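Within every chain, numbering begins at 1; the chains are lettered A, B, ... in the order of the sequence lines, protein sequences first and strands thereafter. For clarity, every value in this text was computed on a predicted model and none was experimentally measured.
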Amino acid sequence: MGFVMDTLYLLKRHTLATVRIPIWVFMSLVSPLVWLVLYGQLFKRIVELPGFETNSYIQFLTPGVIVMLALFNAAWGGMGTLQDLTDGVIDRLLVTPVSRAALIASRVLHTALTVAVQATIILLVGLVMGARVPGGVLGVLTMLGVAALLAGGIAAISNGLALITRREETLIAVVNFFATPLVFLSSAFIATALMPGWIRAIARANPVNWAVQGARYAMLGSDWGAVASYGLLLGAFAVLGVLFATQAFRAYRRST
Amino acid sequence: MDAIVAEHLRKTYRNGVRAVEDVTFRVAPGEIFGLLGPNGAGKSTTVRILATLTQPDGGTARVAGHDVRRDPAGVRRKLGYVAQVSGVDKHATGRENLTLQAHLHRVPRRQVRERVERVLAWVGLTDAADRMVRTYSGGMQRRLDIALALVHEPEVLFLDEPTTGLDPETRAALWDDLVRLKRERGLAVLLTTHYLDEADRLCDRLAIVDRGRVVVEGTPAELKAGVRGDRVTLEVEQRPAEAAAVLQSLDRVLEVVPNGREVIARVLHGATAIPQLVTVLERAGITVQSVALQRPSLDDVYLFHTGHRMITDDLAPDGLGSGEERRSWAS
């Protein structure tokens, strides 16, 4: 009870802050939109190669860009916690009986929600550019859910790293090192069948790839069995991320 | 029952900094108790232990009857904490900040609105309640900090360097608030400060902390009475070191510290000794330009018990755990 209410109170706080300074929500949309438009045009004819699940590249690309956006934004999620540490907000919260788990959960949920809103915007642009959604409303909602699930797991890890390292520089280095390669080691831009064998092997264990595949099959409405299994994998990934963040929070408490 | 009991607290941080070596004190309900000492003396760490933000390595502490280690949740329900770093949301209104804090402090939901209203009025922020905190002045933000710590009506209030970084006028206003707090609410207040005048003015009792230890404890009056002799400050035209040596040879002079062009002497019955001090110096060929006599201050108490002075002016507010110590050594 305390956990649920505390999470909602804190979620409201984070959300209000985001709504009042929405500039970051839009700034972080710019780069995915550029990818969507440029790649969508540049590689338009790539779907003529065999191996793509659809014959429209923009349709293939849209879920990929949505997941890329989810990954990038969630990866920076720890920055908010770092800011709260520096500003003394964490201490101000910790002297109350607030549920400790709610501190993490509210951050993770907030990132997942923000990503869902941004993903909707990307989807709308994709539709304008010619993408279609054979999966229907259920497909769209499932795709947003998949993106949010990945975002939750990644945000939890990012928050955990923030609590352990307590340095912006470290977080920036880690995100820059991992985020882009993780996208390219997935089927975000190119069909799995066209990947070199070694990348295909890595992609199979890459949560970003799970999310891309899950989101794409949901949007296409073509393979709900695959959507379910990728969803389960992502759920497990998110749980592991939250466990890591919780442990990191314990370590932080011990070290201060 | 005492509101705060700290016994032989000890804390070494993981980076090896021995912040608290041995701190023991008790605070009664309705009392303002001060921890006085320079930055890095261990005051903040002591407060963080009592506020359940950090665990002690040794010793025990109880706050409002709850053990900080065994029942931190019990402690948290009873405490209000004003940290050095404010921790308010600058991009939220004062009322939003207070409402969130009241919810998290488990104020019954139906009472939240009323409590927030009351505490806003108490700190004089009713008119500014719906403005973003970033538009507040330094003094208003500090008052909001205090309101945040009071919204759940705690039994014990911790104030960690509450006036550091405030201009003198705001400081004085805040002192009035704190006196009013004690008079009207009767809760136990633990205040840390490196301002001697603040400790003198606000604290019913205080402990002087030096390098992680309590060196002496008592009311400001008791502490000052415990220092023998008065402080005589002589400004000399030349050779302060020699002047110090000359004065040191007198029986009634207990201690002499040269301080730039001044010589500060602790002298028994200072008022009657002044003619003799001046004469002795003139005989040695040293001209005295001015003489000042002071009853012992807390600064003297500090010097007396620690052997070094506390430099309290122009201190920048120190961040948490930045253990840089700013002291000048008296001998």
Side-chain angles (χ1 to χ4, degrees), chain A residues 1-25 79-107 110 163-168 248-256, chain B residues 11 13-15 19 44-45 47-55 63 71-93 96-97 99-107 109 112 132-134 144-145 148-149 151-152 154 156-158 160 319-321:
Chain A
M1 184 58 198
F3 166 75
V4 174
M5 289 312 290
D6 286 349
T7 304
L8 290 179
Y9 292 135
L10 289 168
L11 183 60
K12 184 180 167 197
R13 174 226 174 209
H14 302 327
T15 309
L16 269 181
T18 307
V19 170
R20 288 201 176 124
I21 316 176
I23 179 79
W24 296 113
V25 177
M79 295 301 260
T81 299
L82 276 178
Q83 191 66 46
D84 279 356
L85 280 174
T86 322
D87 290 349
V89 175
I90 299 284
D91 278 350
R92 196 245 297 174
L93 299 176
L94 285 177
V95 294
T96 73
V98 65
S99 152
R100 274 43 191 160
L103 296 182
I104 302 282
S106 63
R107 278 270 166 218
H110 172 249
L163 286 165
I164 288 173
T165 65
R166 268 172 271 168
R167 286 167 57 90
E168 276 188 22
F249 191 57
R250 295 228 174 92
Y252 164 76
R253 297 275 288 147
R254 275 197 302 273
S255 69
T256 56
Chain B
K11 172 78 185 182
Y13 283 110
R14 288 211 168 161
N15 58 13
S44 286
T45 303
V47 173
R48 289 177 65 81
I49 290 172
L50 294 171
T52 75
L53 286 173
T54 188
Q55 289 248 337
V63 175
D71 183 16
V75 173
R76 286 176 198 132
R77 278 194 295 275
K78 303 289 178 62
L79 76 85
Y81 171 66
V82 178
Q84 281 181 37
V85 187
S86 149
V88 292
D89 282 334
K90 293 216 163 53
H91 296 286
T93 67
E96 285 166 353
N97 270 290
T99 307
L100 174 65
Q101 199 75 358
H103 282 309
L104 298 184
H105 260 305
R106 309 276 189 257
V107 172
R109 289 178 72 181
V112 166
M132 295 287 154
V133 174
R134 78 185 123 84
L144 178 61
D145 288 337
L148 283 166
V151 71
H152 56 298
V156 179
L157 181 65
F158 298 115
D160 197 3
L320 284 179

Exercise. Where on A/Ile90 is there a heavy atom nearer than 4.5 Å to chain B: the side chain, the backbone, both, or neither?
Worked result: neither
Exercise. So which part of A/Leu94 gets closer than 4.5 Å to some heavy atom of chain B, the side chain, the backbone, both or neither?
Worked result: both
Exercise. Is the shortest side-chain N to carboxylate O distance from A/Asp6 to B/Arg106 below 4.0 Å?
Worked result: yes
Exercise. Is it the backbone or the side chain of B/Ala92 that comes under 4.5 Å from a heavy atom of chain A, or both, or neither?
Worked result: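 For B/Ala92, backbone and side chain are both near chain A.
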Seminar exercise, completed: Whatever's closer than 4.5 Å to a heavy atom in chain A on B/Ser86 counts as backbone
Rounded to the nearest 0.5 Å, how far does [atom2] of [Y] lie from [atom1] of [X]?
| X | Y | atom1 | atom2 | answer |
| --- | --- | --- | --- | --- |
| B/Leu53 | A/Arg253 | CG | CZ | 6.5 Å |
| A/Arg107 | A/Arg13 | CZ | CZ | 6.0 Å |
| B/Leu50 | B/Arg48 | CG | CZ | 12.0 Å |
| A/Met5 | B/Leu104 | CE | CG | 10.5 Å |
| A/Leu10 | A/Ile104 | CG | CD1 | 11.0 Å |

Out of [options], which one racks up the most heavy-atom pairs below 4.5 Å with chain A?
| options | answer |
| --- | --- |
| B/His91, B/Arg14, B/His105 | B/His105 |
| B/Leu100, B/Thr52, B/Leu148 | B/Leu100 |
| B/Val75, B/Asp89, B/Asp145 | B/Asp89 |
| B/Lys11, B/Met132, B/Arg77, B/Gln101 | B/Gln101 |

Problem set entry | Best-contacting candidate, A/Val98, A/Val89, A/Val95, A/Asp87, against chain B by heavy atom pairs under 4.5 angstrom |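 Top option by heavy-atom pairs under 4.5 Å: A/Val95.
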Exercise. Donor-acceptor pair, A/Thr96 side chain versus A/Arg92 backbone, under 3.5 Å?
Worked result: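 No, because the side chain of A/Thr96 does not come within donor-acceptor range (under 3.5 Å) of the backbone of A/Arg92.
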